[in-house]
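Quick note on labels: first sequence line is chain A, next is B, and so on, each numbered from 1.
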Protein chains: 2
Amino acid sequence: MYVLKSAHLATSPEPPEPSVESLFDGRPLELAPPGRALFWEGDPARDLLQVVRGMVRVQRILFDGRRAVAGFLGPGDVLGLCFSDTYLFTAEAVTETAVRRAPRAALQGMVQRLPELRPAFVDRMRDEICAAQEQLLILLHQCADERLARFLLAMARRLVGEPRAGLELTLPMPRADIADHLGLTVETVCRSMTKLRAQKVIRLLGPAHVVVENPARLLALAGEPPGP
Amino acid sequence: MYVLKSAHLATSPEPPEPSVESLFDGRPLELAPPGRALFWEGDPARDLLQVVRGMVRVQRILFDGRRAVAGFLGPGDVLGLCFSDTYLFTAEAVTETAVRRAPRAALQGMVQRLPELRPAFVDRMRDEICAAQEQLLILLHQCADERLARFLLAMARRLVGEPRAGLELTLPMPRADIADHLGLTVETVCRSMTKLRAQKVIRLLGPAHVVVENPARLLALAGEPPGP
DNA sequence: CGATGCGTTGACATGCCTCAACCTGAGTGG
DNA sequence: CCACTCAGGTTGAGGCATGTCAACGCATCG
């Protein structure tokens with residue numbers, strides 16, 4: 001997706017290291033309640049956004065009124081690196097959220113001044129492309145259960161590298177968001193969730209709390225070989 | 001998609017402007033018969049590829065044996081800009097094809113040396129990301145007819161900016177390729193083609209030759225407002 | 001206490017997949 | 001020239017997964 005994870009990169013020890021994250025140093029925290037829009041599709045893309053706390057949903061209303069959710073951003077994720085002059089999506093807070101903004105011009109300047117930073121920058125863009133294509137290829141050919149497994153796996157990996165049995169994860173977004181993200185309906189998401197539970201792949205503590213019981217099977221359903 | 005169109009960009013007037021296309025200047029032509037692989041998924045990604053004549057199919061075999069066709073490349077398209085160290089897809093000639101190869105190292109050197117990073121390279125990567133996300137968002141939420149309409153529209157735009165009534169386009173790839181590209185089966189592609197014909201959206205001269213009869217309706221089906 | 005929003009489940013309709021048959025055109029050999 | 005084969009394309013019949021519509025459970029909130 002267009003979301004860039006900073007997890008391992010951001011926590012580099014030396015302070016002068018220039019990184020995309022350093023653009024947000026010293027910027028004020030901005031708080032948003034659930035449902036509040038952080039920017040709107042079509043607005044001039046003035047700045048980048050870094051999520052500090054909470055979760056943000058990136059979406060877009062299609063021609064015919066259907067909603068497509070492009071993805072979800074959690075703490076550390078940066079949004080807007082690959083936007084053109086106007087925002088192509090609307091970003092909304094899913095939960096109580098804290099973000100920082102940095103002008104895109106600052107990013108541009110930084111990349112101009114520091115040629116050694118370019119490979120890192122290009123790599124991140126490339127990762128985004130690969131992720132988007134991967135997502136496209138696989139989702140298009142997957143059924144509902146497999147899509148949901150893939151989504152749960154992605155949510156789990158947001159927390160840890162590879163999920164182990166017993167990992168508990170929180171789904172702060174409502175079912176409708178998951179459905180519009182996977183190209184399904186709310187009912188189908190529910191049924192697939194129930195099916196995964198019946199197969200002992202996951203356990204449900206509540207609608208928003210899932211425990212991974214069989215990571216290997218989750219991997220397999222999501223369409224990844226058990227190896228990596 | 002990961003495919004970068006060079007059509008309008010390549011013909012900039014001033015010669016010193018470094019472009020991705022210039023990397024291929026002076027490289028020898030390489031010919032490939034239908035079905036021949038130009039590179040394989042998993043091989044070290046040594047070089048970029050520019051299609052000169054014919055059509056190339058980019059695909060990948062999924063874990064469970066299903067085939068996913070990521071896209072098709074025609075004359076002028078460049079492949080490999082966003083690859084990591086190994087090719088993530090296999091590229092095969094659909095028709096009799098001519099290509100040129102350029103080492104990726106040359107591209108990397110160009111990016112490092114360029115005083116201005118934006119025009120040549122970053123914009124194109126950004127376009128790719130946007131295209132992939134667009135594709136993902138829309139295809140996921142579309143039914144078979146709409147997906148096929150979208151595909152036909154894309155093929156038409158490969159020839160001209162906006163298709164007009166009477167535009168004849170050639171589909172050099174077999175139905176199976178189209179199906180695996182859209183996440184459908186061969187039979188469903190046939191039926192959707194027949195349905196579009198019945199609705200007077202297109203006319204079929206033969207399996208590989210389609211005439212656009214109602215561009216406005218094609219646009220609408222593909223999920224784009226009639227405006228642009 | 002009722003109202004509301006969200007999640008879940010059931011009944012039914014529909015769209016796509018599966019399997020099968022048939023058609024067409026291009027080779028190929030008689 | 002015809003008969004045959006073969007691959008790709010098209011069409012039909014039936015099954016299954018998902019969408020649609022509806023009902024209900026449950027928690028929150030006024």
* Only counting residues at least two apart or in another chain, list the ones meeting ring-ring contact (aromatic ring centres under 6.0 Å, His included) with B:Y87. => B:F39, B:F83
Which pairs, protein N/O on one side and nucleotides 27-30 of chain D N/O on the other, fall under 3.5 Å?
none

* To do: State, with a plain yes or no, whether a side-chain heavy atom of B:T95 is found less than 4.5 Å away from one of B:T97.
  => yes
* Asked: How long is the line joining CD of B:E146 and P of C:dT14, in whole Å?
  -> 17 Å
* Dot-bracket for DNA chain D, please, read 5' to 3', with Watson-Crick or G-U wobble pairs under 3.5 Å on both distances, ( ) within the strand, [ ] crossing, | other strand, . unpaired. => ||||||||||||||||||||||||||||||
* Is there a residue in residues 195-214 of chain B whose heavy atoms reach under 4.0 Å of DNA chain D, and which residues are they? -> B:R197, B:P207
* **Interatomic distance, B:R175 CZ vs C:dG25 P [rounded to whole Å]** => 15 Å
Atom pairs and distances, donor-acceptor, side-chain atoms in residues 62-73 of chain A, under 3.5 Å, two or more places apart:
{"residue": "A:D64", "atom": "OD1", "partner": "A:R66", "partner atom": "N", "Å": "3.1"}
{"residue": "A:D64", "atom": "OD1", "partner": "A:R66", "partner atom": "NE", "Å": "3.4"}
{"residue": "A:D64", "atom": "OD2", "partner": "A:R66", "partner atom": "NE", "Å": "2.6"}
{"residue": "A:D64", "atom": "OD2", "partner": "A:R66", "partner atom": "NH2", "Å": "2.7"}
{"residue": "A:R66", "atom": "NH1", "partner": "B:H141", "partner atom": "O", "Å": "2.6"}
{"residue": "A:R67", "atom": "NE", "partner": "A:D180", "partner atom": "OD2", "Å": "2.8"}
{"residue": "A:R67", "atom": "NH1", "partner": "A:Q59", "partner atom": "OE1", "Å": "2.9"}
{"residue": "A:R67", "atom": "NH1", "partner": "A:D177", "partner atom": "OD1", "Å": "3.1"}
{"residue": "A:R67", "atom": "NH2", "partner": "A:A176", "partner atom": "O", "Å": "3.4"}
{"residue": "A:R67", "atom": "NH2", "partner": "A:D177", "partner atom": "OD1", "Å": "2.7"}
{"residue": "A:R67", "atom": "NH2", "partner": "A:D180", "partner atom": "OD2", "Å": "2.9"}

Counting only pairs under 3.5 Å, give me each side-chain donor-acceptor contact of residues 189-206 of chain A, with atom names and distances, residues two or more places apart or in other chains.
{"residue": "A:S192", "atom": "OG", "partner": "A:D145", "partner atom": "OD1", "Å": "2.9"}
{"residue": "A:S192", "atom": "OG", "partner": "A:T188", "partner atom": "O", "Å": "3.1"}
{"residue": "A:T194", "atom": "OG1", "partner": "A:C190", "partner atom": "O", "Å": "2.9"}
{"residue": "A:K195", "atom": "NZ", "partner": "A:D145", "partner atom": "OD2", "Å": "3.2"}
{"residue": "A:R203", "atom": "NE", "partner": "A:E213", "partner atom": "OE2", "Å": "2.8"}

* For the pair made of CD in A:Q142 and P in D:dT18, what is the distance, rounded to whole Å? -> 11 Å
* Which residues satisfy the salt bridge (charged side-chain N to carboxylate O under 4.0 Å, His left out) test with A:R27, sequence neighbours excluded? -> none
* To do: May I ask you to say whether A:R157 pairs ionically with A:E162, meaning some side-chain N is under 4.0 Å from a carboxylate O?
  => yes
* To do: Using the side-chain contact (heavy atoms from CB on, under 4.5 Å) rule, take A:V160 and A:L167 through it: C-alpha gap first, then chi angles, then the decisive distance, then the call.
  => CA-CA 9 Å; A:V160 295; A:L167 175 67; 3.9 Å; yes
* To do: Check DNA chain C against residues 182-192 of chain B and give the residues with a non-hydrogen atom under 4.0 Å, in numerical order.
  => B:G183, B:L184, B:T185, B:E187, B:T188, B:R191
* Asked: Between C:dC6 atom C1' and A:D180 atom CG, what is the distance in whole Å?
  -> 15 Å
* Asked: With A:E96, which residues qualify under salt bridge (charged side-chain N to carboxylate O under 4.0 Å, His left out), at least two apart?
  -> none
* **side-chain contact (heavy atoms from CB on, under 4.5 Å) between A:E92 and A:L38, worked out** => CA-CA 6 Å; A:E92 287 183 11; A:L38 299 169; over 6 Å; no
* **Within-4.5 Å side-chain heavy-atom neighbours: B:V20 and B:R124** => yes
* Mind checking what makes salt bridge (charged side-chain N to carboxylate O under 4.0 Å, His left out) contact with B:E41, not counting sequence neighbours? -> B:R60
* Asked: For A:R101, what residues pass the salt bridge (charged side-chain N to carboxylate O under 4.0 Å, His left out) criterion, not counting sequence neighbours?
  -> A:E30, A:D47
* Asked: Tell me: CG of A:D145 to C1' of D:dC16, nearest whole Å?
  -> 13 Å
* **Test side chain to side chain donor-acceptor pair (under 3.5 Å) applied to A:D123 - qualifying residues, sequence neighbours left out** => A:R126
* side-chain contact (heavy atoms from CB on, under 4.5 Å) assessment of B:R150 paired with B:Q142 -> CA-CA 9 Å; B:R150 195 174 167 76; B:Q142 277 178 326; 3.5 Å; yes
* Nearest-angstrom distance from the residue atom CD1 of A:I178 to P of C:dT8 -> 9 Å
* To do: Quickly work out the B:D177 CG to D:dA7 C1' distance and round it to whole Å.
  => 14 Å
* Asked: Does C:dT9 have OP1 or OP2 sitting under 4.0 Å from an N or O in the side chain of A:T194?
  -> yes
* Asked: Taking atom P of D:dG8 as reference, at what distance in whole Å does atom CE of B:M193 sit?
  -> 16 Å
